[in-house]
Number of protein chains: 2
Amino acid sequence: MQLTRYTDYSLRVLVYLGMKTDGWATITELAEFYAISRNHLVKVVHHLAQQGFINTLRGKHGGMALARAPGLIGIGDVVRRTEPNFHIAECFNPTADHCVLGPNCRLKSMLNEANLAFLGVLDRYTIADAVANQGLLASLLPGPK
Amino acid sequence: MQLTRYTDYSLRVLVYLGMKTDGWATITELAEFYAISRNHLVKVVHHLAQQGFINTLRGKHGGMALARAPGLIGIGDVVRRTEPNFHIAECFNPTADHCVLGPNCRLKSMLNEANLAFLGVLDRYTIADAVANQGLLASLLPGPK
DNA sequence: ATTAAGATGTATATAAGATGTATCTTATAT
DNA sequence: ATATAAGATACATCTTATATACATCTTAAT
């Protein structure tokens, strides 16, 4: 059981932005910092902007910043809007479900409850919580331009 | 976020065995009932036997049965022992972790807490709970030989 | 001895996910 | 105005995890 790297990267982008004192960054800067594919990050950033988590600006001196204070961005919310699906078992996916047990099986409701518990925990935290020890993290960042 | 089909099938095998009044079944019977790959099921069954959830018998009139009463087989236990990993994010996998934030990031502990909550819910249920409406399920089964 | 069942190891196919390439659009500094 | 630095978008490809298939071995009942 794992989240996609897409979701992982989404969270990391938001954490990074929460870490920066000026809150402003470019995709290239992020890709270099985390040493991950810039091309992939482009899509992550684009999606985060579509979902309203960040604001982006094209053109010279463009970049991105959090759209709200870090304390107002819930981790559960990010995961829910980023993870492609929560088809814990086959029966969660209407277009792929072939299980003959159907509604007679109680596994589905158990797994659903577990999934909600998972997200419920994440709903108790925000990006601000993830960045709590800002001092240490800041030391990893490149200095001010 | 989803469990592997391997885990899904493992649960279905146990549910099926819990459903049958005599508690005895063969791989072929299971593969036909669920209309899934027999070859894949072979491995699922083998693993369930290794983990002590079922007893198997080779040879003529062989097959499998639950090793304990359905009420003593916890769903969480099955999922934990069947799902190949719980690497919720990259940083959970020691051999693949490249994230520069390392221990300075609090996302990991949040995600871990969420994962434990997920399994915690499943720990409250057993195979017996999954089979609760035995009457309905029994009607789906082939009649006594 | 034969047969029906599971055990085991290896190989292959499939699908999802991650990444790469190319091109387009927008903003702004000069 | 124009050049340039950024993000936006579409498409192609590579990689890997997962699922499935195949072949052979082992065991037990008849």
Side-chain angles (χ1 to χ4, degrees), chain A residues 1-10 12-13 17 24-32 34-51 53-65 67 82-90 93 95-96 98-99 145, chain B residues 1-10 12-13 17 24-32 34-65 67 82-90 92-93 95-96 98-99 145:
Chain A
M1 189 173 75
Q2 39 189 81
L3 299 173
T4 62
R5 210 159 291 190
Y6 193 86
T7 300
D8 191 355
Y9 289 174
S10 296
R12 291 203 221 170
V13 166
L17 293 173
W24 194 253
T26 68
I27 291 180
T28 301
E29 173 185 344
L30 273 158
E32 285 175 357
Y34 284 120
I36 60 184
S37 159
R38 185 184 181 282
N39 299 294
H40 201 199
L41 249 194
V42 163
K43 294 171 195 181
V44 168
V45 166
H46 177 52
H47 183 251
L48 285 172
Q50 279 187 323
Q51 296 296 317
F53 292 117
I54 61 177
N55 293 319
T56 61
L57 186 66
R58 292 177 171 189
K60 217 168 192 175
H61 298 156
M64 75 197 82
T82 310
E83 192 66 9
N85 70 74
F86 291 92
H87 296 156
I88 310 298
E90 189 181 288
N93 183 359
T95 67
H98 302 113
C99 183
K145 302 172 196 169
Chain B
M1 189 173 75
Q2 39 189 83
L3 299 172
T4 62
R5 209 159 293 190
Y6 193 87
T7 299
D8 191 354
Y9 290 174
S10 296
R12 289 203 222 170
V13 166
L17 293 174
W24 194 253
T26 69
I27 291 180
T28 301
E29 174 185 345
L30 273 158
E32 284 174 359
Y34 284 121
I36 60 184
S37 159
R38 185 186 182 283
N39 299 293
H40 200 200
L41 250 193
V42 163
K43 293 175 191 181
V44 168
V45 166
H46 178 52
H47 182 251
L48 284 172
Q50 279 188 323
Q51 295 296 316
F53 291 117
I54 62 178
N55 293 320
T56 60
L57 186 67
R58 292 178 171 187
K60 217 168 192 174
H61 300 155
M64 75 196 82
T82 311
E83 191 67 9
N85 71 74
F86 292 93
H87 297 156
I88 311 298
E90 190 182 286
F92 281 68
N93 183 358
T95 67
H98 301 113
C99 183
K145 301 172 194 164

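As the structure is a prediction and not an experimental result, all values here were calculated from the model. Keep in mind that the numbers below use all heavy atoms, side chains included, and drop hydrogens, waters and symmetry copies.
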*Asks:* If every non-hydrogen atom of A67(B) is compared with every non-hydrogen atom of G52(B), which pair is closest and at what distance?
*Replies:*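 Minimum heavy-atom contact is CB-O, 3.3 Å.
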*Asks:* Tell me which nucleotide among dT19(C), dA19(D), dA6(D) gets nearest to the side chain of H40(A).
*Replies:*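 Closest nucleotide to the H40(A) side chain: dT19(C).
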*Asks:* Please report the distance, rounded to the nearest Å, between OH in Y9(A) and P in dG17(C).
*Replies:*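 Spelled out: OH on Y9(A) to P on dG17(C) is 14 Å.
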*Asks:* For a quick check, tell me whether the side chain of R58(B) and the base of dT26(D) share a donor-acceptor pair closer than 3.5 Å.
*Replies:*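 Pair found.
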*Asks:* 5'-most contact on DNA chain D: K60(A) or V45(A), nearest heavy atom basis?
*Replies:*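 Result of the comparison: K60(A).
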*Asks:* Quick one: is R38(B) getting a side-chain N or O under 4.0 Å of the dG6(C) phosphate, OP1 or OP2?
*Replies:*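 It does, given that an N or O in the side chain of R38(B) lies less than 4.0 Å from OP1 or OP2 of dG6(C).
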*Asks:* Using only atom types and a distance under 3.5 Å, with no angle test, would you say the side chain of Q2(B) pairs donor to acceptor with the backbone of N85(A)?
*Replies:*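 Between the backbone of N85(A) and the side chain of Q2(B) there is no qualifying donor-acceptor contact (under 3.5 Å).
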*Asks:* So Y6(A) and H40(A), would you call those rings parallel, tilted or perpendicular, with 30° and 60° as cut-offs?
*Replies:*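 It falls in the tilted class, 30° to 60°.
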*Asks:* Reckon T56(B) has a side-chain N or O less than 4.0 Å from the OP1 or OP2 of dA7(C)?
*Replies:*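 Yes, such a contact exists.
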*Asks:* Is T28(A) near enough to dA6(D) that one of its side-chain N or O atoms lies under 4.0 angstrom from OP1 or OP2?
*Replies:*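 No, outside the criterion.
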*Asks:* Given 3.5 Å as the limit, does a donor-acceptor pair link the side chain of Y34(A) with the main chain of R12(A), or not?
*Replies:*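 It does hold such a pair.
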*Asks:* Output the rounded distance in Å from CG (N55(B)) to P (dA5(C)).
*Replies:*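 My rounded result for the distance is 19 Å.
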*Asks:* When you get a sec, tell me which of dG7(D), dG6(C), dT18(D) is the closest nucleotide to the side chain of I27(A)?
*Replies:*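 Closest nucleotide among those given: dG7(D).
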*Asks:* To the nearest angstrom, how far is Y6(B) atom OH from dA19(D) atom C1'?
*Replies:*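 Taking OH of Y6(B) and C1' of dA19(D), I get 12 Å after rounding.
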*Asks:* How close or far is atom C1' of dT16(D) from atom CD of Q2(A), stated in whole angstroms?
*Replies:*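 Result: 11 Å.
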*Asks:* Looking only at atom types and distance, does a side-chain atom of D8(B) sit under 3.5 Å from a main-chain N or O of E90(A), one as donor and one as acceptor?
*Replies:*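 The answer is yes, because a donor-acceptor pair under 3.5 Å joins these two groups.
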*Asks:* Rounding to a whole Å, what distance do you find between H47(A):NE2 and dG7(D):C1'?
*Replies:*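 About 16 Å, once rounded to whole Å.
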*Asks:* Separation of M64(A) atom CE from dA8(D) atom P, in whole Å?
*Replies:*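 One finds 8 Å between P of dA8(D) and CE of M64(A), rounded.
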*Asks:* I need the CG-P distance between L57(A) and dA5(D), as an integer number of Å.
*Replies:*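 Going from L57(A) (CG) to dA5(D) (P), I get 16 Å.
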*Asks:* With a 4.0 Å limit, can you tell me whether N39(B) has a side-chain N or O closer than that to the phosphate oxygens OP1/OP2 of dT20(D)?
*Replies:*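 No, no such contact exists.
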*Asks:* According to the Watson-Crick and G-U wobble definitions, with both distances under 3.5 Å, which nucleotide is paired to dT30(C)?
*Replies:*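 Check on dT30(C): paired to dA1(D), both distances under 3.5 Å.
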*Asks:* Pick base, sugar-phosphate or nothing for H61(A), based on heavy-atom distances below 4.0 Å to the nucleic acid.
*Replies:*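 Touches sugar-phosphate only.
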*Asks:* State the pairing partner of dA7(C); accept Watson-Crick or G-U wobble contacts with both distances under 3.5 Å, and report none otherwise.
*Replies:*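 Here dA7(C) is engaged in a pair, and the nucleotide opposite it is dT24(D).
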*Asks:* Any donor-acceptor pair under 3.5 Å between the side chain of K43(A) and the base of dT19(C)?
*Replies:*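 Looking at the base of dT19(C), it does pair with a donor or acceptor on the side chain of K43(A) (distance under 3.5 Å).
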*Asks:* Calculate the interatomic distance between E90(A) atom CD and dA16(C) atom P; express it in whole Å.
*Replies:*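 Distance check: E90(A) CD to dA16(C) P gives 12 Å.
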